[in-house]
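We use all heavy atoms of the structure for the numbers below, so side chains are in, but hydrogens, waters and symmetry mates are not.
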Amino acid sequence: MREPILRAVAMPPRIFLAPFIPAMANFVIQAAWMFILIGMFNVNPLVSLITILLGHIFLVIAGTREPHLSHMLQAWGTNGPATSHNIYKERGVKLAP
C-alpha cells in the first residue's frame, strides 16, 4: 500500500489540534455572532474571541477522544435518521411498501 493513503486514513486533517470541519464550523458561527454582537450591542470583540478559544478547546478535547470526528459528522449528515411514510398502517419504519 502507498503511504499517503495510510496517512490520510490514520490521521485526519486538523487545525490547531482540533478536527478540521468542526473547527471551521466553530469559527464561522462564532465570527458571525461576534459581528452581530458588535453591530447591535457594541460589545467588545475580545469577549467573542474568548468564546472562540473555549469552543476550540472543547473541540480539541472531543478530537482527542474521537480522532475521526469530521468523518463521523460527514457520514451522519448524508445518512441521518431514516424517515419514511408507510403506505399501510404498521409499526416501525419500512423503507419499502
Side-chain angles (χ1 to χ4, degrees):
M1 289 187 171
R2 293 183 172 165
E3 185 178 341
I5 295 172
L6 292 175
R7 183 177 293 161
V9 171
M11 186 57 77
R14 297 181 172 274
I15 295 178
F16 301 117
L17 302 175
F20 183 75
I21 293 175
M24 284 290 107
N26 176 45
F27 178 73
V28 168
I29 292 169
Q30 295 282 350
W33 275 110
M34 179 176 67
F35 289 125
I36 290 171
L37 290 175
I38 290 171
M40 293 180 71
F41 303 112
N42 200 16
V43 175
N44 190 353
L46 292 176
V47 174
S48 296
L49 291 177
I50 292 171
T51 61
I52 290 173
L53 183 64
L54 290 175
H56 193 77
I57 289 171
F58 173 75
L59 288 175
V60 168
I61 293 169
T64 55
R65 289 184 179 177
E66 182 56 57
H68 295 281
L69 189 60
S70 295
H71 298 295
M72 289 173 56
L73 290 175
Q74 285 177 338
W76 182 74
T78 56
N79 295 336
T83 58
S84 174
H85 298 287
N86 298 338
I87 296 175
Y88 304 109
K89 198 172 192 179
E90 294 181 18
R91 296 182 85 189
V93 175
K94 307 290 190 243
L95 298 177

Quick one: pull up CD1 in I29 and CD1 in I52 and give me the separation to the nearest 0.5 Å.
11.0 Å
Taking L37 as the starting point, is it possible to reach M40 by hopping between hydrophobic residues whose side chains are less than 4.5 Å apart?
yes
Value rounded to 0.5 Å, distance of CD in Q74 from NE2 in H68
12.5 Å
Indicate the atoms forming the closest heavy-atom contact of P12 with H71, along with that distance.
CB-NE2, 3.8 Å
Does atom CG of L17 have more than 12 heavy-atom neighbours, drawn from other residues, nucleotides or ligands, at distances under 6.0 Å?
no
Given the rule that I, L, V, M, F, W and Y join up when any side-chain heavy atoms are under 4.5 Å apart, are L53 and L46 in one cluster?
no
N26 CG to I57 CD1 distance, which is reported to the nearest 0.5 Å:
11.0 Å
Shortest non-hydrogen pair, L59 vs P22, comes out as CD1-O, 3.3 Å
Hey, could you give me each pair passing side-chain hydrogen bond (donor to acceptor under 3.5 Å, both in side chains) that has a residue in residues 28-56? Not counting sequence neighbours.
Q30-T51
Linking Ile, Leu, Val, Met, Phe, Trp and Tyr through side-chain heavy atoms less than 4.5 Å apart, which residues share a cluster with I21?
I15, F16, F20, M24
